[in-house]
Enquirer: 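Before I ask anything, let me first share the structure, which is written out below as structure tokens.
We're numbering straight along the sequence, starting at 1. Everything numeric here is computed off the predicted structure, so don't read it as measured data.
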Amino acid sequence: MDSAVSDTATAGGSPLVDVAALADDEPTRPWQTDTDRAPVATKIVIAGGFGVGKTTLVGSVSEIPPLMTEALMTRASEDVDDVSATPDKLTTTVAMDFGRLTLDDDLVLYLFGTPGQQRFWFMWDDLVRGAIGAVVLADTRRLKDCWPALDYFESCGLPYVVAVNHFDGSERFDAEDVREALTVPRHIPVMIMDARRRISVVETLLSLVAHALDETPE
């Protein structure tokens, strides 16, 4: 994001912000025009199995053009990536997805989507570093695909929530049924969402922020 702060202060202690430098298509935030306020920037990780909707989630909620590292799937991955549940999927994330969402003027969420395949798991440690929490996406047609992510965040102690991304034509289950199937502890939020709907994603992210605050020692 281009900086909206000028290099030098103006006379008389006026704000350091060059309002004209702000992007025309983005609303001016209070913290951009008031030097006594600064946004709280938080990093959130979006994880889960292959083809579960991580890229869609980041793209549907990001207020900037999301950075996506999508590559066409080739025959070399036919015996590795199971696309039986997502036969129309032609691309896959090979590094990460990145987006930004500003909430309540003073809270900025930076979203990092992880690649789902096992061969890319070596990148997770770097992507998770500095994050306040994670959203683990689950597909009820293949719940076992999110187990590695659940195990990873449990082992590293990072707060997380589970979000069931229901696909068209998939069987509907209640959140508590999913919790029982995945043996998710009672204190961890489990919710039903649609990664294509902005409001649904925002509700999930807010739930994660609240949960991370509850889990963080004072």
Enquirer: Mind listing the closest non-hydrogen atom pair of Val58 and Gly99 along with its distance?
Expert: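 Reported closest heavy-atom pair: CG1-N, 3.7 Å.
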Enquirer: Could you go step by step and tell me if Asp139 and Asp145 meet the side-chain contact (heavy atoms from CB on, under 4.5 Å) rule?
Expert: CA-CA 8 Å; Asp139 181 350; Asp145 289 357; over 6 Å; no
Enquirer: For the backbone of Val52 and the side chain of Asn165, can you confirm whether one donor and one acceptor N or O come within less than 3.5 Å of each other?
Expert: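 Checked: pair present.
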Enquirer: Begin with the C-alpha distance, continue with both residues' side-chain angles, and end with the deciding distance and a verdict on side-chain contact (heavy atoms from CB on, under 4.5 Å) for Phe173 and Val164.
Expert: CA-CA 9 Å; Phe173 292 93; Val164 179; over 6 Å; no
Enquirer: Given the rule that I, L, V, M, F, W and Y join up when any side-chain heavy atoms are under 4.5 Å apart, are Ile199 and Leu109 in one cluster?
Expert: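 No.
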Enquirer: Do Tyr160 and Leu150 have side-chain heavy atoms sitting under 4.5 Å apart?
Expert: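 A side-chain contact exists here, since the closest heavy-atom pair is under 4.5 Å.
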Enquirer: Of all heavy-atom pairs between Ala47 and Ala149, which one has the smallest distance, and what is that distance?
Expert: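 Answer, listing the atom of Ala47 first, then Ala149: CB-CB, 4.3 Å.
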Enquirer: Tell me if the CD atom of Glu176 is crowded by more than 12 foreign heavy atoms within 6.0 Å.
Expert: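 Count over threshold, so yes.
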Enquirer: One pair to check against side-chain contact (heavy atoms from CB on, under 4.5 Å): Leu205 and Leu111. What are the steps and the verdict?
Expert: CA-CA 10 Å; Leu205 296 175; Leu111 311 177; 4.1 Å; yes
Enquirer: Side chains of Glu154 and Asp151: does their closest heavy-atom pair fall under 4.5 Å?
Expert: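 No. Closest side-chain heavy atoms not under 4.5 Å.
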Enquirer: Identify the two heavy atoms, one from Val202 and one from Leu103, that lie closest to each other, and give their separation to 0.1 Å.
Expert: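 The answer is CG1-CD2, 4.2 Å.
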Enquirer: Got Arg179 and Val162 here, is their nearest side-chain heavy-atom distance under 4.5 Å?
Expert: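 Arg179 does not reach Val162 side chain to side chain.
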Enquirer: Which atoms form the tightest heavy-atom contact between Ala134 and Phe153, and what is the distance?
Expert: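 Minimum heavy-atom contact is CB-CZ, 3.5 Å.
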Enquirer: To the nearest 0.5 angstrom, please state how far the OH atom of Tyr152 sits from the OG1 atom of Thr114.
Expert: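 One finds 9.5 Å between OH of Tyr152 and OG1 of Thr114.
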Enquirer: Please check if the side chain of Thr56 supplies one atom and the backbone of Arg196 the other of a donor-acceptor pair under 3.5 Å.
Expert: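 Looks like no, no N/O pair under 3.5 Å.
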Enquirer: Strictly distance-based, threshold 3.5 Å: is any side-chain N or O of Lys54 a donor or acceptor partner for the main-chain N or O of Phe112?
Expert: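 The answer is no, because no donor-acceptor pair under 3.5 Å joins these two groups.
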Enquirer: Any side-chain heavy atom of Trp147 sitting closer than 4.5 Å to one from Thr183?
Expert: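 They are not in side-chain contact.
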Enquirer: Under the side chain to side chain contact (heavy atoms under 4.5 Å, CB included) rule, collect the residues that match up with Pro159, sequence neighbours excluded.
Expert: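 Testing Pro159 for side chain to side chain contact (heavy atoms under 4.5 Å, CB included), a comparison that skips the adjacent residues, returns His211, Ala212, Glu215.
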Enquirer: For the residue pair Leu127 and Pro115, establish whether any side-chain heavy-atom pair is separated by less than 4.5 Å.
Expert: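 SC-SC contact between Leu127 and Pro115 confirmed.
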Enquirer: Looking at every non-hydrogen atom in both residues, tell me the closest pair between Asp126 and Lys43 and how far apart they are.
Expert: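 Minimum heavy-atom contact is O-NZ, 3.7 Å.
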Enquirer: Is there a donor in the side chain of Asp97 and an acceptor in the side chain of Thr55, or the other way round, less than 3.5 Å apart?
Expert: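 Yes, a side-chain donor-acceptor pair sits under 3.5 Å.
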Enquirer: Rounded to the nearest 0.5 Å, how far apart are CD of Glu63 and OG1 of Thr102?
Expert: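 Output value for this atom pair is 3.5 Å.
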Enquirer: May I ask you to test the Ser200-Met193 pair for a side-chain heavy-atom distance under 4.5 Å?
Expert: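 Side-chain contact under 4.5 Å: yes.
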Enquirer: OG1 of Thr42 to CD1 of Ile132: how many Å apart, nearest 0.5 Å?
Expert: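 The OG1 atom of Thr42 sits 4.5 Å away from the CD1 atom of Ile132.
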Enquirer: Please examine the side chains of Val209 and Ile44, heavy atoms only from C-beta on, and report whether any two atoms are closer than 4.5 Å.
Expert: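 In contact.
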Enquirer: Apply side-chain contact (heavy atoms from CB on, under 4.5 Å) to Leu101 and Arg198, showing your working.
Expert: CA-CA 11 Å; Leu101 174 64; Arg198 179 182 176 87; 3.4 Å; yes
Enquirer: Taking all non-hydrogen atoms of both residues into account, name the closest pair between Ala181 and Leu143 and its distance.
Expert: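 Ala181 and Leu143 have their closest heavy atoms at CB-CD1, 3.9 Å.
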Enquirer: Just checking, is any N or O donor in the side chain of Glu171 or Thr140 under 3.5 Å from an acceptor N or O on the other one?
Expert: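 Side-chain D/A pair, Glu171 to Thr140: absent.
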